[in-house]
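Data first, discussion second: the structure below is written as structure tokens.
Every chain is numbered from 1 and lettered A, B, ... according to where its sequence line falls, protein lines coming before strand lines. Just so it is clear, the structure is predicted and the values come from calculations on it, not from any experiment.
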Number of protein chains: 2
Amino acid sequence: MSSFAPTEQRLAVTCRRQPAFPRQPAVLVRLIKHLHKRVHDDANALLKPWGISHPEYNILMMLYGTEGYALNPSQLAEAAGEKSANITRLADSLCDKGLIERTASDEDRRKVSLSLSRRGLAMIDDFMPAICALLERQTAGLKAAETAQLERLLKKFLDQLEQG
Amino acid sequence: MSSFAPTEQRLAVTCRRQPAFPRQPAVLVRLIKHLHKRVHDDANALLKPWGISHPEYNILMMLYGTEGYALNPSQLAEAAGEKSANITRLADSLCDKGLIERTASDEDRRKVSLSLSRRGLAMIDDFMPAICALLERQTAGLKAAETAQLERLLKKFLDQLEQG
DNA sequence: TCCATATATTTCATATATGAAATATATACG
DNA sequence: CGTATATATTTCATATATGAAATATATGGA
């Protein structure tokens with residue numbers, strides 16, 4: 001039985017006690033929380049041998065997914081869903097490890113450019129097989145059509161959250 | 001345009017650079033992260049006037065959803081998706097605010113019972129209309145059938161994460 | 001009974017994340 | 001120009017979360 005069952009049971013009790021409580025939206029929100037926790041913990045465990053955390057991995061991958069392998073802290077904050085103060089801290093840590101480089105922009109001297117180092121690129125190549133395997137495994141229970149449907153619905157959900 | 005578009009664009013670049021990288025699983029994982037952040041931030045903002053955080057709210061609601069309005073720290077950890085050390089801290093905070101009570105169990109003296117206080121119950125009644133409105137708003141973009149489908153798929157996704 | 005081991009919770013040191021203020025540069029407009 | 005305002009990043013104090021060790025109780029044999 002899923003670890004979610006007791007939570008769902010508690011939502012049912014809440015609905016009985018608060019007739020206006022919208023069950024399904026509440027279930028969705030709690031599912032998101034459970035999923036996030038699991039995904040975060042799994043990624044942290046997998047990355048441990050490389051000495052980086054899941055948020056640090058996200059930073060590296062955002063740079064990797066960019067032409068030129070470089071972004072500003074504010075772009076990274078947006079892309080990785082972190083606050084800019086946290087980007088500073090994560091970037092400091094990644095610089096210390098030699099995985100990214102911090103250089104001043106000369107078009108706009110307020111800006112900073114964070115770019116993947118040769119060593120950062122090599123580390124990505126190194127952990128990539130394990131990451132791919134994890135991602136495949138995590139969605140192995142879903143058929144292709146279900147994955148596509150889930151992607152569509154989650155995007156719609158996110159759109160709504162960002163508007164409403 | 002959704003805040004997710006740049007992230008998705010970066011995943012496309014990653015796929016080009018790493019042919020083995022599974023795009024859809026990666027998109028799902030990132031969507032979960034974006035959704036979680038948004039849900040968490042929205043709830044924190046809404047609850048601020050009551051002086052409690054989203055994790056504290058979750059504790060209160062887990063107790064509220066239980067017959068007898070009481071749970072052990074370990075049950076709460078499981079239900080709320082928090083580590084037990086964190087439950088201790090959150091429970092301390094809620095006790096300080098007079099919203100829950102901590103009593104020793106006498107069937108098993110290792111255990112502690114955390115229960116909603118009269119004041120905690122009153123606070124739930126007080127913020128409930130705003131919470132219901134938030135939950136309705138957050139899912140307003142989804143049709144009933146879509147919400148049901150999303151719930152089904154997220155549960156399947158979570159099951160897979162917990163097995164694999 | 002006594003001991004080994006398991007379970008429940010808390011403590012404490014440390015890691016991680018945030019908001020608000022500080023710093024620096026850019027841009028717009030009188 | 002000069003000055004007000006906006007943008008980008010960092011600093012710092014504080015809040016939040018975690019792992020590992022410590023504490024206390026329970027349980028099941030020898």
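Under the salt bridge (charged side-chain N to carboxylate O under 4.0 Å, His left out) criterion, no residue pair touches residues 115-131 of chain A, with sequence neighbours excluded.
Among the heavy atoms of the strands lying under 4.0 Å from A:N86 is at least one base atom, whether or not backbone atoms are also near. Using a 4.0 Å heavy-atom distance criterion, A:S84 is classed as a base contact.
Residue A:I87 is the one, among B:E56 and A:I87, whose nearest nucleotide of DNA chain D lies closer to the 5' end (criterion: closest heavy atom). Heavy-atom nearest nucleotides on DNA chain D were determined for A:R102 and for B:H40, and the one closer to the 5' end corresponds to A:R102. Each of A:K83 and B:S74 lies near DNA chain C, and the nucleotide nearest B:S74 is the one positioned closer to the 5' end.
In this structure, CZ on B:R30 lies 13.5 Å from CG on B:L35, to the nearest 0.5 angstrom. With rounding to the nearest 0.5 angstrom, the CG atom of A:L90 is 15.0 Å from the OH atom of A:Y57.
Take B:A133 and apply the side chain to side chain contact (heavy atoms under 4.5 Å, CB included) test, not counting sequence neighbours, and it matches B:R137.
Counting 5' to 3', DNA chain C first comes under 4.0 angstrom of a heavy atom of chain A and last does so at the ends given by C:dT16 to C:dA26.
For the side chain to side chain contact (heavy atoms under 4.5 Å, CB included) with B:I100, the lone residue among B:C95, B:S117, B:S93 that qualifies is B:C95.
Under the 3.5 Å distance criterion, the side-chain polar atoms of A:K97 are left unmatched by any main-chain donor or acceptor of A:I52.
Rounding to whole angstrom units, CZ of residue B:R109 and C1' of D:dT27 are separated by 15 Å.
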